[in-house]
Amino acid sequence: FTPNGDVVELPSESTPLDFAYSVHSELGNRCVGAKINGRIAHLKHHLQNGDKVEIITNSTQEPHKDWLSFVKTSRARTRIGAYLRKKDSEKAITHATLLLDKELRERGTTFNEVFEDQALVKKLLEKFKERTTDDLLIAVGFGRLTHRKLVNALYPEDKADEEPLKQRPPSKGEPFRIAGINDMMIKIARCCSPLPGDDVIGYISTGRGIVVHRRDCSNLKSSRMNPDKLIEVVWDTKAEYATTVRSGFRW
């Protein structure tokens, strides 16, 4: 019975947790103990016919995996399992977001910038056969898909959205001049897409050469960007080179 005298039917050897989940899922999720006929009882206690059960809750309580080992009702097992899966998925999404943001900043863009672009997200979902963005991030968070594989799908060898500027023979000249550095891969940052005449600065990206940003690019102010990797870059007005200009970017 509930404290108000309402009858709750449960299978033999059911516990206070089974009782709590039969009343309401949130009551079960926050359950920390019970009073059986006025006395404190453990969550594993086996209820008997005629017991009056009062559930004790705490707002900070969450279901535990070991609860699945002693609850008797399918409702309790289903609710506990669903909560644990949701919690694990949330952690996986957070972990994947951090991994991807770090990798994308090395490519001159950010997680938010990429995942706000519905065309890019659609491309990723189709390639990796996932239904939603959360499903995609969960796959990364659980390690079923590596974050580098996902980023490389967007920018294979850094050629998709960070256009390499070294596309012409050295005899044609280089688009930038960098004091003391020769024959190093140079790319335009996708996040700010600098154009000739913009005030620019380079960021040394490990294994990917120098990514050139506008000096006022907001990404350069991020705490994730190491200021020691910044390097002075100037446009070479005499050089001939090719780059891509996208609709929607500044001209």
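If you read the sequence from its start, that first residue is 1, and numbering goes on from there.
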Self-check item: Trace of the side-chain contact (heavy atoms from CB on, under 4.5 Å) decision for Tyr203 with Ile231
Solution: CA-CA 6 Å; Tyr203 186 82; Ile231 185 169; over 6 Å; no
Quiz item: Hey, are Ser69 and Asp66 close enough side-chain-wise for a donor-acceptor pair under 3.5 Å?
Solution: no
Quiz item: Salt bridge or not for Glu26 and Arg30, using N-O below 4.0 Å?
Solution: yes
Quiz prompt | From CA spacing to verdict: side-chain contact (heavy atoms from CB on, under 4.5 Å), Ile80, Val71 | solution = CA-CA 10 Å; Ile80 294 167; Val71 292; 4.1 Å; yes
Quiz item: Tell me, do Phe19 and Leu10 make a side-chain contact under 4.5 Å, heavy atoms counted?
Solution: yes
Quiz item: Would you call Ile93 and Thr97 a side-chain contact if the rule is heavy atoms closer than 4.5 Å?
Solution: yes
Quiz prompt | Short side-chain to backbone donor-acceptor contact, Asn37 and Lys52, under 3.5 Å | solution = yes
Quiz prompt | Side-chain (Asp101) to main-chain (Leu98) donor-acceptor, under 3.5 angstrom | solution = no
Exercise. Could you give me the CA-CA distance, side-chain angles and deciding distance for Leu120 and Leu154, then say whether side-chain contact (heavy atoms from CB on, under 4.5 Å) is met?
Key: CA-CA 7 Å; Leu120 290 181; Leu154 288 171; 3.8 Å; yes
Exercise. Side-chain contact test, heavy atoms from C-beta onward, threshold under 4.5 Å: evaluate it for Thr73 versus Leu17 and give yes or no.
Key: no
Quiz prompt | Residue pair Leu150 / Leu145, side-chain heavy-atom distance below 4.5 Å | solution = yes
Quiz item: Hey, does Ile55 have a side-chain heavy atom less than 4.5 Å from the side chain of Val53?
Solution: yes
Quiz item: Does any non-hydrogen side-chain atom of Val140 lie less than 4.5 Å from one of Thr146?
Solution: no
Quiz item: More than 12 heavy atoms of other residues, nucleotides or ligands under 6.0 Å from NE2 of His64: is that the case?
Solution: yes
Quiz prompt | No-hydrogen, no-angle side-chain donor-acceptor test under 3.5 Å, Thr2 and Asn4 | solution = no
Practice problem: Treating Ile, Leu, Val, Met, Phe, Trp and Tyr as nodes and any side-chain heavy-atom pair under 4.5 angstrom as an edge, say whether Tyr21 and Leu84 lie in one connected cluster. | Solution: yes
Quiz item: Looking at CD of Glu106 and OG1 of Thr109, how far apart are the two atoms once the value is rounded to the nearest 0.5 Å?
Solution: 12.5 Å
Self-check item: Distance (rounded to the nearest 0.5 Å) between Leu230 CG and His213 NE2
Solution: 8.5 Å
Quiz item: How would you list, by chain and number, every residue that makes a side-chain contact (heavy atoms from CB on, under 4.5 Å) with Asn49, sequence neighbours excluded?
Solution: none
Quiz item: In the single-linkage hydrophobic clustering (I, L, V, M, F, W, Y; side-chain heavy atoms under 4.5 Å), do Leu136 and Leu100 co-cluster?
Solution: yes
Quiz item: So if you build clusters from Ile, Leu, Val, Met, Phe, Trp, Tyr with side-chain heavy-atom gaps below 4.5 Å, do Leu47 and Val8 land together?
Solution: yes
Quiz item: Closest approach of Gly28 and Trp67, non-hydrogen atoms and distance?
Solution: O-CZ3, 3.5 Å
Practice problem: Check Phe111 against Leu104 and note the closest heavy-atom contact, atom names and distance. | Solution: CA-CD1, 3.6 Å
Practice problem: Taking all non-hydrogen atoms of both residues into account, name the closest pair between Leu125 and Thr133 and its distance. | Solution: CD2-N, 4.0 Å
Quiz item: When you look at Phe115 and Leu124, which way does the side-chain contact (heavy atoms from CB on, under 4.5 Å) test go after all the steps?
Solution: CA-CA 10 Å; Phe115 280 82; Leu124 289 172; 4.2 Å; yes
Self-check item: CD-CG distance between Glu90 and Leu137, expressed to the nearest 0.5 angstrom
Solution: 13.0 Å
Self-check item: Evaluation steps, side chain to side chain donor-acceptor pair (under 3.5 Å), between Thr110 and Asn112
Solution: CA-CA 5 Å; Thr110 66; Asn112 288 339; 5.6 Å; no
Quiz prompt | Separation of Glu103 CD from Lys149 NZ (nearest 0.5 Å) | solution = 14.5 Å
Exercise. State whether Arg215 and Glu232 are salt-bridged, where the test is any N-O pair (Lys NZ or Arg NE/NH1/NH2 against Asp/Glu carboxylate O) under 4.0 Å.
Key: yes
Exercise. Look only at the side chain of Asp198 and the backbone of Leu195, and say whether a donor-acceptor pair between them is shorter than 3.5 Å.
Key: yes
Self-check item: Gap separating the NE2 atom of His24 from the CG atom of Asn29, nearest 0.5 angstrom
Solution: 9.5 Å
Quiz item: In terms of heavy-atom contacts, does NZ of Lys72 have more than 12 from other residues, nucleotides or ligands at under 6.0 Å?
Solution: yes
Quiz item: Pro16 and His45: which non-hydrogen atoms are nearest, and at how many Å?
Solution: CD-O, 3.1 Å
Practice problem: Work out which heavy atom in Arg79 is nearest to a heavy atom in Ser25; give both atom names and the distance. | Solution: NE-OG, 2.9 Å
Practice problem: Might you point out which heavy atoms bring Gly81 and Leu68 nearest each other, and give the distance in Å? | Solution: N-CD2, 4.3 Å
Self-check item: Interatomic distance, Cys31 atom SG to Asp18 atom CG [nearest 0.5 angstrom]
Solution: 10.0 Å
Quiz item: Under 4.5 Å between any side-chain heavy atoms of His46 and Ser14, yes or no?
Solution: no
Exercise. Compare all side-chain heavy atoms of His95 with those of Phe142 and state whether any distance is below 4.5 angstrom.
Key: no
